[in-house]
Undergrad: 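Let me give you the structure first, and then I'll get to my questions.
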Amino acid sequence: MHLILGINTAKGIFLYYKLMDHMVLMGSYGKNARVFLIFFCLLAAFQSSFAQNKQQTAQKKPKHVVTESEIPLLVNKVETYTLAIDKNNFIIKIGFDFSVIETPLSEIETKLKTFKKRFETQGQKMNLRSLNSAVILLKEQSDNLLNYKKILVSYGEQLSKSNTEVRKILSDPDLNVIIPDSVLNEQLNSMVKDGKRLDTLQRKMLSRVNLLRNRLSINLLQLNDLSSNMSYLSISKKINMFSREEAPLFKLKAEKYKQSFGETVLNAFERSGKIISIYLAGKGHLTTLALLIFIFITAWLLSNMRRIKKQEEVESVLLQVNFLKRSVIVGSVMGLLTYAPLLFGNPTMSLLHAIEALRVIAICFLLFPFLNGSSKYLWIGLVLIWFFYAIDDILLDSSFGERWGLFIAGVLLFLICVDMIRRRTAFFLKIEESPVTKALVIFTLAQVVLSILFNLSGRLSLAKIFGVSAIQCLMLGISLKVFCTMVLEAIYLQTEAYQSSRFSDFINFKELQHRFQRTLWILASIIWTIGLIRNLTLYDLMLRLSADFLQESRSIGSYQFTFASIGIFFCIIWFSSLISSFISFFFGHEKATAGGKRSGLNSMMLLIRLAIWTVGFLIAVAAAGIPIDRLSIMLGALGVGIGFGLQNIVNNLVSGIILAFERPIQIGDQIEIGNKSGVVKEIGVRSSKIHNAEGADIIVPNGDLLSQHLINWTMQDRSKRVEFMIGVPYSTDLDSVILLIKETLKKNENILPVPEPVVIVQDFGEYAISVRILLWVGDLAVGGGVRSAAMIDVKKALAAAGIQLQIRPLS
């Protein structure tokens with residue numbers, strides 16, 4: 001006891017001096033502080049001594065000898081504890097892989113040192129593009145660290161929970177006993193040793209987790225700090241953008257620049273390659289997704305092209321195809337290079353320019369044969385200017401050659417734009433001119449003029465921004481034009497390859513041009529606008545303003561909402577409606593109606609559409625975060641509206657659901673309701689369509705179909721009884737007439753033998769005996785024709801037998 005107290009007192013004194021040193025460093029040394037620290041250290045020493053003494057006393061407590069009645073309970077406990085320790089050992093072996101964190105963490109630390117060194121040495125020289133790329137890369141690494149931190153937090157929670165369970169086992173007083181049974185005693189000791197070994201391993205792993213978390217936190221702090229410094233520097237450069245950065249163009253001196261234009265280009269290529277590799281290292285899933293989409297689209301196009309080439313009219317079909325006829329593979333690559341940047345969200349400019357360079361090469365291959373003679377030279381000039389501006393955009397340091405290169409490229413682009421505006425002849429052969437071409441060229445011309453003026457006055461950043469934006473906007477517009485045309489060509493190939501499919505009927509090329517061309521151009525305009533904002537270095541500002549606008553909390557009364565939640569709600573509702581419309585078409589009814597066949601698909605389709613709308617509404621409510629109590633209030637208000645003015649609408653909606661379940665009518669049924677008759681064409685949610693004999697579509701509310709008397713001629717089958725009457729003279733032998741009529745009707749194949757035709761003597765008239773003929777046809781659609789043919793046959797048979805039909809004599 002005294003020895004322990006002495007040791008802990010020494011520890012307390014050591015702690016006292018350590019704290020005193022700390023306080024001296026902090027400048028808080030004083031008499032009162034010294035008294036307090038002495039008291040605190042002695043108290044800690046006595047407390048530690050008391051705790052160790054208590055532990056030793058507990059350890060010296062005499063062990064209990066297990067009796068025979070206690071052995072079964074102890075055996076169960078040993079087995080349970082052994083299983084728990086084995087389970088935790090198994091989890092330790094396979095559940096924690098620190099290499100997936102330690103290896104990339106070391107790489108991130110190396111990259112972070114490189115970023116810091118580059119920023120410290122070349123930070124002020126970095127232009128806006130370089131700063132933006134660096135911030136994007138730092139954001140990527142920061143997101144990776146946050147993901148690793150989540151993994152470590154999960155590891156720590158699992159280890160803490162497991163260690164608590166193991167320590168609870170080891171501290172069980174029932175294990176501190178004397179067991180007469182040597183086998184059980186050996187099992188108990190083995191279990192305790194395994195538990196202590198596992199406890200030690202868990203503590204080491206917890207220490208490892210905490211150490212890694214500390215490293216992650218330090219690196220995350222440094223990353224965020226460096227990213228903030230770069231962001232502030234970028235803002236500072238944007239603020240000072242309109243001030244003169246270098247000497248005016250005509251006052252330049254080559255000796256003031258440390259590197260030549262060639263050296264800066266080589267350095268830029270080397271740095272851009274590293275930036276692209278770092279950025280794509282964490283985007284493997286997106287790259288894989290883009291390649292899978294490319295493979296699927298390419299296989300689809302090749303399959304359609306192969307089918308079309310087997311057709312007899314292949315030449316006439318391919319007359320309406322330009323780009324995909326030139327090369328399906330190159331067209332697919334061009335499409336991949338158009339939509340791939342959209343998958344990455346906010347890629348670096350180096351990656352964007354690399355993708356765009358490949359896209360320009362693909363467009364050259366597709367577009368060059370369709371250019372007019374003089375337009376080919378203009379296109380070659382545009383491509384060369386684009387490559388110059390793309391290279392210039394990734395340069396870190398300015399040079400004498402770069403300044404003059406910007407001026408020459410700007411002048412050439414200015415002349416090309418002027419020529420394109422003044423040109424009277426078409427640019428392309430076999431390709432329709434876009435109505436926005438001239439406006440796009442004028443916008444490009446305005447930006448080029450600004451770039452030249454800023455370059456002349458020494459404002460290099462603005463000159464590069466407007467010059468790059470000018471050529472990028474023009475080439476992006478051309479790329480989107482080609483891409484939209486290829487989309488329409490791909491769908492046209494689908495319609496021609498599968499002419500008999502319903503999908504091809506739906507996307508008929510002529511109809512699609514009117515239905516989807518506008519949508520394609522709207523999407524292209526949005527993409528072009530985003531590209532313009534990115535070129536003007538306003539993309540981050542746009543994202544921030546958009547996020548603030550959409551995520552800002554607003555209120556109407558006590559209800560809180562955001563525009564983002566409202567947008568999500570309506571997008572999901574629209575998407576549900578779109579899916580419902582596709583189902584409505586692909587399970588359509590035109591063929592069933594035209595063929596006179598009864599179909600129950602529409603009832604099933606109606607239920608599926610109702611289910612889609614219901615599920616879509618519930619998902620939209622959940623995604624938008626609308627509280628259920630607010631929804632109940634809204635439904636209550638809707639109930640009041642139903643009570644006052646929406647009875648008929650709700651009646652028709654409920655009637656539509658009843659029609660879907662009960663199925664008193666189906667698509668293709670011949671029905672009569674009131675004074676209306678026709679074939680059921682569609683059963684909708686609120687109303688149904690009936691196609692009458694005159695070719696009109698009658699819209700009948702579903703409530704009327706249930707509330708009025710409805711005649712369904714085809715509920716069981718499509719057979720129908722038709723009849724006609726004739727008059728014979730009183731001198732005629734009726735038995736022979738009846739027999740003759742029956743024999744005549746049996747010869748008509750369109751008349752059903754079962755039930756057989758019936759001939760009835762209907763009435764003794766004033767001038768003739770009325771005979772009624774009843775017969776059945778298999779399809780009511782041909783009933784009128786069969787009746788007419790039967791009447792003609794009967795008249796001919798009676799005339800051949802010398803029996804004349806009796807008519808009323810003229811007065």
Side-chain angles (χ1 to χ4, degrees), residues 84-121 133-167 170 194-231 270-289 343-348 350-351:
I85 290 173
D86 290 342
K87 180 193 73 173
N88 286 295
N89 261 319
F90 181 75
I91 293 174
I92 287 291
K93 290 179 181 178
I94 68 169
F96 302 95
D97 185 9
F98 291 98
S99 62
V100 298
I101 299 176
E102 289 176 335
T103 302
L105 180 58
S106 300
E107 296 176 358
I108 291 175
E109 288 174 339
T110 303
K111 294 174 183 175
L112 178 59
K113 291 178 181 178
T114 304
F115 275 115
K116 289 177 65 177
K117 183 178 180 181
R118 182 177 300 167
F119 182 71
E120 290 171 357
T121 57
S133 298
V135 170
I136 292 174
L137 293 177
L138 291 175
K139 179 65 168 56
E140 293 291 326
Q141 303 303 328
S142 177
D143 292 340
N144 292 335
L145 289 180
L146 289 175
N147 292 330
Y148 297 149
K149 193 172 184 179
K150 291 179 181 178
I151 296 174
L152 288 177
V153 169
S154 176
Y155 282 1
E157 291 175 351
Q158 295 180 46
L159 286 170
S160 297
K161 183 178 179 181
S162 176
N163 186 248
T164 301
E165 183 180 0
V166 172
R167 295 185 68 184
L170 295 177
D194 290 342
K196 290 180 179 179
R197 192 180 303 111
L198 178 60
D199 177 53
T200 303
L201 180 60
Q202 288 172 338
R203 289 171 180 270
K204 289 182 179 178
M205 293 185 72
L206 276 171
S207 300
R208 190 175 180 184
V209 168
N210 292 330
L211 179 62
L212 284 175
R213 288 180 65 178
N214 290 335
R215 285 178 62 189
L216 282 174
S217 299
I218 293 172
N219 284 284
L220 190 60
L221 182 63
Q222 292 179 349
L223 275 172
N224 293 334
D225 187 38
L226 184 58
S227 179
S228 298
N229 291 336
M230 289 187 174
S231 298
E270 181 182 357
R271 188 180 66 258
S272 297
K274 293 179 180 179
I275 290 174
I276 293 173
S277 62
I278 293 173
Y279 182 81
L280 291 180
K283 301 292 183 181
H285 58 293
L286 295 177
T287 306
T288 304
L289 175 61
L343 299 177
F344 291 101
N346 188 21
T348 63
S350 299
L351 178 61

Undergrad: Which value, rounded to the nearest 0.5 Å, describes the distance between Asn229 atom CG and Leu226 atom CG?
TA: 6.5 Å
Undergrad: So does Gln158 get a backbone contact from the side chain of Ser162, meaning a donor-acceptor N/O pair under 3.5 Å?
TA: no
Undergrad: Quick one: does Ser228's side chain have a donor or acceptor within less than 3.5 Å of a partner on Asn224's backbone?
TA: yes
Undergrad: The test is side chain to side chain contact (heavy atoms under 4.5 Å, CB included); show your working for Leu212 and Tyr155 and say whether it passes.
TA: CA-CA 11 Å; Leu212 284 175; Tyr155 282 1; over 6 Å; no
Undergrad: Could you check whether any side-chain N or O of Asp199 sits under 3.5 Å from a backbone N or O of Gly195, counting only pairs where one atom can act as donor and the other as acceptor?
TA: no
Undergrad: For Arg167, look at atom CZ and say whether over 12 heavy atoms of other residues, nucleotides or ligands are found less than 6.0 Å away.
TA: no
Undergrad: Name the residue from Thr164, Asn89, Asn163, Asn88 that meets the side-chain hydrogen bond (donor to acceptor under 3.5 Å, both in side chains) definition with Gln202.
TA: Asn163
Undergrad: How far apart are the closest heavy atoms of Pro347 and Ile136, and which atoms are they?
TA: O-CD1, 3.6 Å
Undergrad: Assess whether atom NZ of Lys111 is packed by more than 12 heavy atoms of other residues, nucleotides or ligands within 6.0 Å.
TA: yes
Undergrad: Start with the C-alpha distance between Asp225 and Gln222, add both sets of side-chain angles, then the distance that settles side chain to side chain contact (heavy atoms under 4.5 Å, CB included), and finish with yes or no.
TA: CA-CA 5 Å; Asp225 187 38; Gln222 292 179 349; 5.5 Å; no
Undergrad: Could you tell me whether the side chain of Ser227 and the main chain of Leu223 form a donor-acceptor pair under 3.5 Å?
TA: no
Undergrad: Rounded to the nearest 0.5 Å, what's the gap from OG1 on Thr288 to CG on Leu343? Could you check?
TA: 11.5 Å
Undergrad: Give a yes or no on whether Lys149 atom NZ has more than 12 heavy-atom contacts from other residues, nucleotides or ligands under 6.0 Å away.
TA: no
Undergrad: Within the 4.5 Å heavy-atom criterion, are Leu206 and Ser160 side-chain neighbours or not?
TA: yes
Undergrad: Might you work through the side chain to side chain contact (heavy atoms under 4.5 Å, CB included) test for Leu159 and Phe96, ending with a clear yes or no?
TA: CA-CA 9 Å; Leu159 286 170; Phe96 302 95; 3.8 Å; yes
Undergrad: Please evaluate residues Ser106 and Glu102 with respect to the criterion side-chain hydrogen bond (donor to acceptor under 3.5 Å, both in side chains), reporting the C-alpha separation (whole Å), side-chain torsions for both, the decisive distance (0.1 Å), and the verdict.
TA: CA-CA 6 Å; Ser106 300; Glu102 289 176 335; over 6 Å; no
Undergrad: Check step by step if side chain to side chain contact (heavy atoms under 4.5 Å, CB included) holds for Leu105 and Tyr148.
TA: CA-CA 9 Å; Leu105 180 58; Tyr148 297 149; 5.5 Å; no
Undergrad: Taking the inter-plane angle between the rings of Phe344 and Tyr279 on a 0 to 90° scale, is it parallel (under 30°), tilted (30 to 60°) or perpendicular (over 60°)?
TA: tilted
Undergrad: How long is the span from the CG atom in Leu138 to the CE atom in Met230, to the nearest 0.5 Å?
TA: 5.5 Å
Undergrad: Identify whether the distance between the nearest side-chain nitrogen and carboxylate oxygen of Arg197 and Asp194 falls below 4.0 Å.
TA: yes
Undergrad: Looking at every non-hydrogen atom in both residues, tell me the closest pair between Ile276 and Ser350 and how far apart they are.
TA: CD1-O, 3.7 Å
Undergrad: To the nearest 0.5 Å, tell me how far Leu145 CG sits from Ile108 CD1.
TA: 4.0 Å
Undergrad: Taking all heavy atoms of Leu152 and all of Val209, pick out the closest pair and write down the distance.
TA: O-CG1, 3.6 Å
Undergrad: Determine whether Ile278 and Gln141 make a side-chain contact, defined as any pair of heavy atoms from C-beta on separated by less than 4.5 Å.
TA: yes
Undergrad: Measure the spacing between CG of Asn144 and NZ of Lys139 and express it to the nearest 0.5 Å.
TA: 10.0 Å
Undergrad: Out of curiosity, Arg215 CZ to Ile101 CD1, how far, rounded to the nearest 0.5 Å?
TA: 10.5 Å
